[in-house]
J.: 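Questions regarding the structure given below will be posed in turn.
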Amino acid sequence: MNKTVSLISKNFKNLDPKSLQEYLHAGGYLGLEKALASTPAQVIQEVKKSGLQGRGGAAYPTGRKWEQAAAVEGPRKIVICNADEGEPGTFKDRYLLQYDPFKIIEGMTIAAYAVGATEGYIYIREEYKKLQDQMKIVIASALEGGFLGDNILGTGLCFHIKVVSGAGAYVCGENSTLIESIEGKSGRPRIKPPYIKEKGLFGLPTLVNNVETFSVIPVIFEIGAEEYSKYGTEFSKGTKLISLCGNIQYPGTYEIPFGLTLREIIYDIGGGIRDGKKLKFLQLGGASGAILPASKIDIPYTYEDFEGNGLTIGSGAILIADETNKVVDYMKSVQDFFLHESCGKCTPCREGNRQLSKIINRFVSGTASIEDFQTVERFARVMKYCSFCGLGQTAPSALLSAIQHFPDEFYQQIHKVRKIM
């Protein structure tokens with residue numbers, strides 16, 4: 001039985017992504033037409049009714065976010081699509097950019113109508129250069145077809161979109177850092193308040209949503225919020241794109257309804273562990289997500305069940321590790337990533353990542369001490385609670401969960417313990 005669904009992914013590999021006509025033939029822009037037939041307030045209420053939560057990782061209710069953005073007054077307002085998909089193991093936004101770019105633009109246009117914006121930006125990571133070029137072609141086609149620009153579909157709505165290249169830094173996935181980057185500054189997070197909705201890009205009221213979030217919007221208006229909310233669970237409405245990777249038989253991007261268990265995702269959708277090996281652990285939500293042992297894969301994939309188990313869905317990445325993978329070695333790769341990507345603005349993250357890397361390297365080489373085991377956990381907790389932005393706060397998530405679930409693998413790398421054994 002196929003446990004995947006095709007709502008926002010229905011166009012993947014089924015049409016020419018640069019063809020406006022093929023997109024229209026597949027039902028494209030029906031959502032925008034329906035939205036424009038309503039008032040901006042009604043559009044926001046429909047989004048709230050759908051139960052959509054932001055798909056970029058924070059899971060903030062999208063309708064509430066739009067409502068707050070609409071309430072802010074300003075001479076100009078801006079909508080930004082965050083396409084800086086830099087989370088390791090995550091590639092679901094790339095699929096949307098590559099196979100259904102018009103849907104992203106349509107969702108942004110509906111958002112602009114709802115909050116009163118006239119300018120839009122799509123911030124695409126620099127590694128996606130070909131997708132940047134494709135998006136520019138798509139924007140030009142939408143402009144020529146009357147779906148962007150001035151007086152969209154004869155309604156008086158004006159909305160223009162520009163493509164901006166990312167700065168090559170993981171931290172630019174954080175919304176305020178992304179805005180700093182667009183403005184030509186170093187990619188470092190801002191102090192809040194003021195919040196982005198009040199003073200964002202160029203000091204103007206700004207709404208920022210993720211690629212997947214914008215792609216869901218046209219579907220909600222095409223089929224109706226009530227129909228969309230039939231998918232998923234009571235508290236996790238709709239569907240979710242996941243990036244399944246690692247030691248899995250069938251890696252890829254899949255659209256699933258909330259409520260499937262991790263076991264169903266791994267074995268029924270992913271085909272199980274590659275080469276007949278046993279599952280050892282998985283990492284959820286990318287490098288900034290927690291490690292989960294194989295014994296806990298019957299947890300349902302929902303916001304509420306993950307929260308109850310100290311987990312986050314995050315970017316939607318699910319990385320599979322088999323019995324041949326050593327937890328300590330994996331932690332080194334994660335720690336090396338965060339050491340490289342810390343922007344250096346705050347001491348807990350900058351120095352914390354540096355010290356954690358030194359200690360993890362001692363565990364890998366088998367020269368760690370029992371004091372190192374105690375210190376690494378203490379430093380990780382300081383980072384979690386004292387770092388300035390989400391990077392430093394979540395960077396130790398994998399390490400803390402690995403210590404919780406696999407303490408023996410760390411003890412085995414302690415020099416004195418190895419000598420006694």
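Owing to the predicted nature of the structure, the values given are computational and were not obtained by experimental measurement.
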J.: Please determine if Arg381 forms a cation-pi arrangement with Tyr385, meaning its NZ or CZ atom is less than 6.0 Å from the six-membered ring centre and no more than 45° off the ring axis.
T.: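 No, Arg381 does not lie over the aromatic ring of Tyr385.
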J.: Yes or no on side chain to side chain contact (heavy atoms under 4.5 Å, CB included) for Ile217 and Val47, after CA distance, side-chain angles and deciding distance?
T.: CA-CA 8 Å; Ile217 296 299; Val47 175; 4.1 Å; yes
J.: Identify which one of Leu24, Thr109, Ile139 satisfies the side-chain contact (heavy atoms from CB on, under 4.5 Å) criterion when paired with Phe147.
T.: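 Exactly one option meets the side-chain contact (heavy atoms from CB on, under 4.5 Å) with Phe147, and it is Leu24.
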J.: Would you check if the side chain of Thr155 reaches a backbone N or O of Ile152 as a donor-acceptor pair within less than 3.5 Å?
T.: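 Here the side-chain-to-backbone pair exists.
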J.: Does Lys3 form a salt bridge (charged side-chain N to carboxylate O under 4.0 Å, His left out) with Asp268? I'd like the steps, not just the answer.
T.: CA-CA 8 Å; Lys3 295 186 177 181; Asp268 295 343; 2.7 Å; yes
J.: Evaluate Ser288 against Glu87 for side-chain hydrogen bond (donor to acceptor under 3.5 Å, both in side chains), listing each step before the verdict.
T.: CA-CA 8 Å; Ser288 59; Glu87 191 69 62; 3.2 Å; yes
J.: Return the orientation label for the Phe337 and Tyr170 ring planes: parallel under 30°, perpendicular over 60°, tilted otherwise.
T.: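 If you compare the ring of Phe337 with that of Tyr170, the planes turn out perpendicular.
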J.: Kindly determine whether Ser236 and Glu304 satisfy side-chain hydrogen bond (donor to acceptor under 3.5 Å, both in side chains), including the steps that lead there.
T.: CA-CA 7 Å; Ser236 298; Glu304 62 269 25; 2.6 Å; yes
J.: Classify the ring geometry of Tyr23 against Phe102: parallel below 30°, tilted from 30° to 60°, perpendicular beyond 60°.
T.: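 Rings of Tyr23 and Phe102: parallel, under 30°.
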J.: Between Phe214 and Trp66, what is the ring plane arrangement, given parallel below 30°, perpendicular above 60°, and tilted in between?
T.: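 The rings of Phe214 and Trp66 sit tilted, inter-plane angle from 30° to 60°.
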J.: Any Lys/Arg nitrogen of Glu85 or Arg94 sitting under 4.0 Å from an Asp/Glu carboxylate oxygen of the other?
T.: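 No.
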J.: Just how far is it from atom CG of Leu292 to atom CG of Leu262, taken to the nearest 0.5 Å?
T.: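 Answer rounded to 0.5 Å: 6.5 Å.
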J.: Could you walk me through whether Ser333 and Asp336 pass side-chain hydrogen bond (donor to acceptor under 3.5 Å, both in side chains), step by step?
T.: CA-CA 5 Å; Ser333 68; Asp336 285 347; over 6 Å; no
J.: For the pair Asn309 and Lys296, evaluate side-chain hydrogen bond (donor to acceptor under 3.5 Å, both in side chains) and give the outcome as yes or no after the intermediate values.
T.: CA-CA 10 Å; Asn309 286 276; Lys296 295 184 177 293; 5.7 Å; no
J.: What class does the angle between the rings of Tyr301 and Phe258 fall in, given that below 30° is parallel, 30 to 60° is tilted and above 60° is perpendicular?
T.: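 It falls in the parallel class, under 30°.
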J.: For residues Gln249 and Ile273, determine if any side-chain heavy atom of one lies less than 4.5 Å from a side-chain heavy atom of the other.
T.: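 A side-chain contact under 4.5 Å is absent here.
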J.: With heavy-atom distances below 4.5 Å as the criterion, would you say the side chains of Met108 and Ile161 are in contact?
T.: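 Yes, their side chains come closer than 4.5 Å.
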J.: Are Leu241 and Tyr254 packed together at the side-chain level, in the sense that at least one heavy-atom pair is separated by less than 4.5 angstrom?
T.: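 Not in contact.
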J.: Going by the angle between their ring planes, with limits at 30° and 60°, are Tyr231 and Tyr228 parallel, tilted or perpendicular?
T.: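 It falls in the tilted class, 30° to 60°.
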J.: Please collect all salt bridge (charged side-chain N to carboxylate O under 4.0 Å, His left out) contacts where either partner lies in residues 149-175, sequence neighbours excluded, each pair once.
T.: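 For residues 149-175, and leaving out neighbouring residues, the salt bridge (charged side-chain N to carboxylate O under 4.0 Å, His left out) pairs sorted by first residue read Glu174-Lys192.
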J.: Is the closest side-chain heavy-atom distance between Leu311 and Glu307 below 4.5 Å?
T.: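 No, side chains not in contact.
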